[in-house]
Amino acid sequence: MHVQLFLSLISLPVLVTWGLPFSLTTVFGNLLFTPFLTLFLLISTGIFFFELLHISNNWLIHALEKLCAFWMYCLDHGSTTWLYGIDYYGLIICILCAFTACILLHHKHWGREKNSWYLFLLLLLVPFTYQKIRSFFTQKGHITCIKKNALITSSNGTISVIDYGALGEKKSAGTWIQYTFLAEALKQCGSVQFDTVTCPYANSQTLEALNTLCRHARVKKIAITHPNRQTKQYRDSYKLLEITAKKEGTILFKSLAKG
């Protein structure tokens, strides 16, 4: 806990700078999965040496397969609700907390594990307390892709989006969502939880972007205005979006463009 909390504090300014969220499982993840990793290494080593000595190792291989299957089962139950972000204005607070943690670590008395781990925990809570207070105030911004914009409004920790073509502006829309849109939304609003995403000018790239957004963030509702003329690619993309939305619990609203 001492080491993990310190590393979390040191990495937090980097995460905020890059626009990446902080996972609640970060602190406890290593503690939970260290037994899995240890057992995995022991069984793998056993298989290796049993093979060298020409000793039957089928039971070890079977055990390793079961362990990996259970490990993947646990990982598949991850959730985007575990992700919490801090906006770019909180970067200074994160840096101060990390700097304070470095001073505590080198202190003769407070640097000891039994004394410092709960102080590190309190320091880690400071930036998130700031973000919780800030979430009560409405924040507005926009994200630009080439020449088109998406307007974002944050209220009570959730973001509403009105897309004016930015989501479908690039051919690699899914990549842009994952590495640019979510990072910018986090920097500006300190959240990756979305209430309503409205797309009045949807195309097939927009649907691809929405599909990626649902898989990498929590989206409550999506409102799409379909074009009157829909290509086969558009219809196929919408079917994939429907499957993803059903899996992630996202509600889809659809309508046809006028004229």
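The residues of the chain are indexed from 1 along the displayed sequence.
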So which residues get pulled into [X]'s cluster when ILVMFWY side chains under 4.5 Å apart are joined, directly or through others?
X	answer
Leu186	Leu83, Val192
Ile251	Phe253
Ile92	Leu96

Within residues 127-180 or reaching into it, pairs that qualify as ring-ring contact (aromatic ring centres under 6.0 Å, His included) - sequence neighbours excluded: Phe22-Phe128, Trp176-Phe181
Should [X] and [Y] be regarded as members of a common hydrophobic cluster, given that ILVMFWY residues are connected when their side-chain heavy atoms come within less than 4.5 Å of each other, either directly or indirectly?
X	Y	answer
Ile103	Leu7	no
Leu182	Tyr84	no
Met72	Leu37	yes
Leu125	Ile133	no
Leu91	Val14	yes

Can you list, pair by pair, the side-chain donor-acceptor contacts under 3.5 Å of residues 145-163, counting residues two or more places apart and other chains?
residue: Asn149; atom: OD1; partner: Thr144; partner atom: OG1; Å: 2.6
residue: Thr158; atom: OG1; partner: Ser155; partner atom: O; Å: 3.1
residue: Asp163; atom: OD1; partner: Gly165; partner atom: N; Å: 3.1
residue: Asp163; atom: OD1; partner: Ala166; partner atom: N; Å: 2.8
residue: Asp163; atom: OD1; partner: Leu167; partner atom: N; Å: 3.1

Non-neighbouring partners of [X] that pass side-chain hydrogen bond (donor to acceptor under 3.5 Å, both in side chains), sequence neighbours left out:
X	answer
Glu242	none
Tyr234	His226
Glu184	none
Lys232	Asp236

Side-chain donor/acceptor of [X] to backbone N/O of [Y], under 3.5 Å:
X	Y	value
Ser44	Leu41	no
Thr180	Ile177	no
Gln131	Asp87	yes

From [X] [atom1] over to [Y] [atom2], what is the distance, rounded to the nearest 0.5 angstrom?
X	Y	atom1	atom2	value
Ile222	Cys199	CD1	SG	7.0 Å
Ile243	Asn211	CD1	CG	9.0 Å
Lys247	Arg215	NZ	CZ	9.0 Å
Phe194	Leu210	CZ	CG	10.5 Å
Leu60	Leu67	CG	CG	11.5 Å
Leu241	Lys254	CG	NZ	10.5 Å

Partner set under side chain to side chain contact (heavy atoms under 4.5 Å, CB included) for Ala98, not counting sequence neighbours: Ile10, Pro13
Phe36 atom CZ, neighbour heavy-atom count above 12 within 6.0 Å: yes
Whether over 12 other heavy atoms sit under 6.0 Å from Trp18 CH2: no
Side-chain heavy-atom pair Arg134, Tyr89 within 4.5 angstrom cut-off: yes
Please find the pair of heavy atoms, one from [X] and one from [Y], that lie closest to each other, and give the distance.
X	Y	value
Ala101	Phe120	O-CE2, 3.7 Å
Ile86	Cys94	CD1-SG, 3.9 Å
Pro127	Leu12	CG-CD2, 3.8 Å

Let me have the donor-acceptor pairs involving side chains of residues 50-58, under 3.5 Å, with sequence neighbours excluded, atom names and distances please.
residue: Glu51; atom: OE1; partner: Asn57; partner atom: ND2; Å: 3.0
residue: Asn57; atom: ND2; partner: Ile47; partner atom: O; Å: 3.3

Pairs satisfying side-chain hydrogen bond (donor to acceptor under 3.5 Å, both in side chains), at least one member in residues 187-208, at least two apart: Asn203-Thr206
Chi angles and distances behind the side-chain contact (heavy atoms from CB on, under 4.5 Å) call for Trp71, Phe40: CA-CA 10 Å; Trp71 195 340; Phe40 177 86; 4.1 Å; yes
